[in-house]
Amino acid sequence: MTAAFPFPRRAANATVRADPYGTGRAAARDLGPGPSAARTGLCTAYIRGMSTSRGRRALRRWIPNQHGAWAMLVVPFLAGALLGGFDGWHAVLLPAWLLAYCAAFHGQQYLRLRRVSRNPRAPRRHLAPLAGFGAAFAMCAVPLAAAYPWLLIAALCAAPFFAVNLVYAYRNDERATVNGIAAVVPACGMLLVSDRLGGGTVDSGAWQAAAACLLYFTGTVLYVKTMIRERGSETFRVASAVYHGLAVVAAVSLDAWLAVPFVVFFLRALALPGRKVRIAVVGAVEVLCSLLLLAFIVCGGLFPR
């Protein structure tokens, strides 16, 4: 009579690997298909599958998993470029900006994991992406700084906010509201940089556009918390609703046409929290809201030059 096992049997082609992290469990390591599989062509398919899987894992380790950050990085940049006019240097500034974010992300993760992780290999996984993105950023940044030295001043203005992010990363509290807002400010400031690079001036409306982006993306910090991490918090729901109501008033003071997108943002902050909405849907809604704001800033004739 066969005994009943409380756990699944190991495959014949798997070995037990000692657990170095003190979890008390041994991990089975797949050694691939058995010898007979070579005659059926399964080995080739297995190797290809393993290569693809490893490539995907490596890509996930390199690309930051903060999906909501990409709209915050790209939308203000595009708004500034469209308001100030596209220049060839925008094709260098955009990758430099995104590479700087990727390098900063891995630097913060290295700092955080050095302090909180018991696995010594965990922080080291971020060193190669940090070096790679940092080197690529330098290749873009050096010619930019040589052609436009004022970009160094813009970088210095962003440095204090980056320092705040480092502090929160070290504390393992990256999801704090203050930390999120600290990341929003330089991202929206990139609108001014992009506008200036294209020939924009102080009175071109870029400041109003940057303020509109700041109002919106600050609101997303609160709103997304009500949808995910603080889903059951009445305090966050009220705070988000109050902020978005005040943001409508502030946006109208910039330009009356901005009432349209900001009323939409206000309604979504009232209607969606508390509902069972998938995270992917939450992200998709925010992308659409970002594009709506971009359209009203650039195409709505809100800020005549």
Side-chain angles (χ1 to χ4, degrees), residues 66-86 90 93-94 96-98 100-101 104 151 154-155 157-158 160-162 164-165 177-198 200-225 240 243-269 282-305:
Q66 307 298 318
H67 307 297
W70 298 109
M72 184 179 70
L73 294 169
V74 174
V75 167
F77 178 92
L78 289 178
L82 290 168
L83 286 173
F86 275 104
H90 280 106
L93 181 62
L94 179 58
W97 175 231
L98 298 180
Y101 164 70
L151 287 172
C157 292
F161 300 97
F162 175 65
V164 171
N165 296 150
T177 303
V178 173
N179 189 52
I181 296 173
V184 164
V185 175
C188 295
M190 178 52 68
L191 188 151
L192 302 175
V193 174
S194 183
D195 176 79
R196 178 69 182 87
L197 191 69
T201 59
V202 175
D203 60 348
S204 65
W207 286 97
Q208 295 95 316
C213 286
L214 185 61
L215 284 172
Y216 166 67
F217 285 108
T218 300
T220 64
V221 175
L222 297 172
Y223 164 72
V224 172
K225 283 185 177 296
S240 176
Y243 173 85
H244 282 85
L246 295 175
V248 173
V249 178
V252 170
S253 69
L254 296 173
D255 191 284
W257 273 100
L258 281 175
V260 176
F262 276 87
V263 166
V264 173
F265 306 153
F266 176 53
L267 292 177
R268 70 97 156 79
V282 174
V285 169
E286 291 312 291
V287 170
L288 292 176
C289 288
S290 300
L291 294 176
L292 178 65
L293 177 64
L294 178 64
F296 268 80
I297 288 176
V298 176
C299 303
L302 303 180
F303 306 118
R305 300 177 60 83

I would like to know whether Phe161 and Val184 meet side chain to side chain contact (heavy atoms under 4.5 Å, CB included); could you show each step before the answer? CA-CA 9 Å; Phe161 300 97; Val184 164; over 6 Å; no
Just how far is it from atom CH2 of Trp207 to atom CG of Asp195, taken to the nearest 0.5 Å? 10.5 Å
List the atom of His244, the atom of Gly219, and the distance in Å for their closest heavy-atom pair. CE1-O, 3.4 Å
Nearest-0.5 Å distance, OG of residue Ser194 to CG of residue Leu94: 8.5 Å
Heavy atoms only: give me the nearest Ala182-Asn165 pair and the separation to one decimal. CB-ND2, 3.9 Å
Working to the nearest 0.5 Å, report the span between CD of Gln208 and CG of Leu191. 10.5 Å
Kindly give the heavy-atom pair with the smallest separation between Pro186 and Trp97, and that separation in Å. O-CH2, 4.0 Å
Would you please indicate if the ring centroids of Phe77 and His90 are separated by under 6.0 Å? yes
Phe262 and Ala251 have their tightest heavy-atom pair at CD1-CB, 3.4 Å
Can you see which heavy atom on Phe162 is nearest to which on Ala104, and at what distance? CE1-CB, 3.5 Å
Just so I know, are the side chains of Met190 and Leu73 near enough to count as touching, which here means a heavy-atom distance under 4.5 Å? no
Rounded to the nearest 0.5 Å, how far does CG of Leu294 lie from SG of Cys213? 8.0 Å
Which atoms form the tightest heavy-atom contact between Ala79 and Val298, and what is the distance? CA-CG2, 4.0 Å
Separation of Leu151 CG from Leu93 CG (nearest 0.5 Å): 6.5 Å
Are Phe265 and Tyr216, when compared by the centres of their aromatic rings, separated by less than 6.0 Å? yes
Rounded to the nearest 0.5 Å, how far does CG of Leu215 lie from OG1 of Thr220? 11.5 Å
Stepwise, does the side chain to side chain contact (heavy atoms under 4.5 Å, CB included) test hold for Arg268 with Cys289? CA-CA 10 Å; Arg268 70 97 156 79; Cys289 288; 4.3 Å; yes
Please check: side-chain N/O of Ser290 versus main-chain N/O of Glu286, any donor-acceptor pairing under 3.5 Å? yes
Parallel, tilted or perpendicular: which one describes the rings of Tyr101 and Trp70, with boundaries at 30° and 60°? perpendicular
